[in-house]
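Beneath this line is the structure, given in structure tokens, with notes to follow.
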Amino acid sequence: MTVTDQDPGRTGSGMRHFRFLVVGNAVSAYGTYLDMIALSLFAYSLTGSATHTGLFMALRLATSVLTGFGAGSLVSRLDRKRLMVTSDVSQAVALVVLVIAPATAQAGLLYAVAVVTGAGATVTSVALRSSIPEIVGQDQRVRANALLATGRSLAMVAGFASAGVLISTVGYTGAFLIDAGAFLFSAAVLARLPITTRSRQPVPATGTEADTGPDAEAGSVPDAARRRPGILAAQLTALRYLRLTPVLLALISLRAADAFGSASHNVGLPVLSTMLDPQRPAAFMSQFWATWAIGNIIAQRGVARWARRTGRTINERAFAAGAALMSVAFILTFTAPPLPLAILVATVAGVADGFTEIAYTTRLQAAPDDQRGYVFGFSATAENLGFGVGMVACSFLLEQFSPLTVVTVFHGLAVLLAAAFLAALWARRRAPA
């Protein structure tokens, strides 16, 4: 295995700057996780309707799915750093407008905020993940992804843990202003960082180290395809590239199935918690997610140290194995094991989840820079669509079947697809050249 040559000075400088970016992104992520809870509760308190609250959440998710269709084109054509700054500022402005608007207008503005926050989160994610190899260098992307994932995991824990306290002490207005401040802090950090988010070198026809062998001819697509404007053209460009790199297309499909399975435990955990302890339904969920987060951070820091020590990257086989392990761990969670075993299972689920996030992002970043934005945009659409469809399906199925049955079916599908993916890779390696 080889790695792309990098300018040592640029790589070292890129990692120093990237650490500041990680801090800014973590603060922004904190705002995202905080407003996920605050906005949903505010929607219910404002309308008193579970239907309107569900519509708000559905609109936000639908916006994320639809934005994925065009995000690849945006980050491939426009300045990625400016896109990320604009996304953060737009979300901050939307929250401030919601705060200062008259009470009679806030119900309608909630839906506008759902659109802005859903679109902003997707654009930022696609732009940032596409930019990492150009900021730190291809040989440092595993470390960078691990650092970024650790920051976001800590932000998630802090956001979910502090939401209730903040809302009860400073109210929704204070919580939204804190959200807005988090987004503005991230935008300010990004704006001041002297980072390069796009390749200045012509992309080799053979792609990168991960795209050698049978897929090597897919290093780029015709210029005419990249010049075509429009959302549909962005998806066609991604599919043209992915059709020539079937491993990546299969990897994204597996990630979508993984997201589909993840919807089952996100919907099922509140039901399971209520069944285990009707008087304190939040106890099991809090214990599980806290333990999961610890495992998540352990995996991310471990991968970062491993990458720094060995200089190696992570391939698609590691992702598939991690995805299968994660799904098995979530299935075991719903068997309601004894406390010591439950803690172990939750930790394994967190470790596998943290590892697969890094492995997946690192593998997709091996695509050439001129295609990376399209690939991540297509991936965002697939992931959000899989999760959204899974959420809707689980909501209906949990009315008829037990949480263990639903989670086993959904995550079992992900395990089967991961096993098929690994088997196909094994057969491909053994086939004659």
Side-chain angles (χ1 to χ4, degrees), residues 2-25 28 71-88 122-149 151-152 186-187 189-211 218-221 223 226 234 237-238 241 245 248 304 307-308 311 313-314 357-380:
T2 59
V3 293
T4 306
D5 292 335
Q6 299 291 338
D7 177 359
R10 178 194 150 196
T11 301
S13 174
M15 280 304 298
R16 286 196 300 273
H17 294 147
F18 188 76
R19 290 188 180 93
F20 288 103
L21 188 152
V22 167
V23 173
N25 183 259
S28 174
S73 181
L74 286 175
V75 304
S76 297
R77 299 170 188 278
L78 303 178
D79 183 87
R80 293 167 183 169
K81 176 179 169 181
R82 189 171 299 171
L83 277 173
M84 290 186 281
V85 171
T86 302
S87 294
D88 281 337
T122 300
V123 169
T124 296
S125 175
V126 173
L128 180 55
R129 293 198 290 179
S130 302
S131 302
I132 286 175
E134 309 311 320
I135 298 173
V136 302
Q138 281 283 359
D139 57 339
Q140 295 291 323
R141 68 186 194 274
V142 176
R143 281 184 63 197
N145 288 326
L147 285 171
L148 192 67
R152 292 190 67 84
S186 173
V189 170
L190 269 170
R192 292 185 61 84
L193 285 178
I195 56 176
T196 299
T197 59
R198 189 177 301 282
S199 175
R200 296 176 181 175
Q201 301 291 333
V203 178
T206 55
T208 63
E209 87 280 2
D211 289 320
S220 60
V221 298
D223 289 340
R226 293 197 297 271
T237 302
Y241 174 72
T245 53
L248 278 187
R308 183 171 60 249
T313 186
I314 307 174
E357 171 65 23
I358 299 168
Y360 180 76
T361 304
T362 299
R363 180 58 184 90
L364 261 61
Q365 286 167 346
D369 183 56
D370 62 338
Q371 297 304 312
R372 201 178 301 132
Y374 294 111
V375 170
F376 273 109
F378 186 84
S379 172

- Query: What residues form a side-chain hydrogen bond (donor to acceptor under 3.5 Å, both in side chains) with Thr362, not counting sequence neighbours?
  - Reply: Asn145
- Out of curiosity, Arg363 CZ to Ile314 CD1, how far, rounded to the nearest 0.5 Å? 12.0 Å
- Note on the structure: Heavy-atom nearest pair, Ala144 first then Phe18, reads O-CE2, 3.3 Å
- Task: Measure the spacing between CZ of Phe378 and CD of Gln371 and express it to the nearest 0.5 Å.
- Result: 13.0 Å
- Task: Please name the pair of heavy atoms, one in Val375 and one in Ala367, separated by the smallest distance, quoted to 0.1 Å.
- Result: CG2-CB, 4.5 Å
- Smallest separation among heavy atoms of Val142 and Ile358, with atom names: O-CG2, 4.1 Å
- Rounded to the nearest 0.5 Å, what's the gap from OG on Ser87 to CZ on Arg82? Could you check? 13.0 Å
- Query: Under 3.5 Å, side chain of Arg141 to main-chain N/O of Pro133, donor-acceptor pair present?
  - Reply: no
- Note on the structure: Interatomic distance, OG1@Thr86 vs CG@Asp79, rounded to 0.5 Å, equals 9.0 Å
- Message: Checking Leu193 now: which residues fulfil side-chain contact (heavy atoms from CB on, under 4.5 Å) with it, not counting sequence neighbours?
- Response: His17, Phe20, Leu21, Val189, Ile195
- Query: What pair of heavy atoms forms the shortest contact from Ala187 to Val85, and how long is it?
  - Reply: O-CG2, 3.9 Å
- Arg192: what forms a side-chain contact (heavy atoms from CB on, under 4.5 Å) with it, not counting sequence neighbours? none
- Message: Applying the side chain to side chain donor-acceptor pair (under 3.5 Å) criterion to Ser186, which one of Thr124, Asn25, Asp88 satisfies it?
- Response: Asp88
- Task: Calculate, to the nearest 0.5 Å, the distance between atoms OG and CE belonging to Ser131 and Met84 respectively.
- Result: 4.5 Å
- Validation row: Arg152, Glu357 side chains within 4.5 angstrom (heavy atoms): no
- Item | Donor-acceptor contact below 3.5 Å, side chain Gln138 vs main chain Gln365 | yes
- Separation between CG (Leu364) and OG (Ser130), nearest 0.5 Å, reads 9.0 Å
- Going by heavy atoms in the side chains, are Arg143 and Val136 under 4.5 Å from each other? no
- Determine yes or no for a side-chain-to-main-chain donor-acceptor pair under 3.5 angstrom, with Ser28 supplying the side chain and Gly24 the backbone. no
- Query: Among side-chain atoms of Arg77 and Ser73, is any donor-acceptor pair under 3.5 angstrom?
  - Reply: yes
- Donor-acceptor pair, side chain of Arg80 and main chain of Ala127, under 3.5 angstrom: no
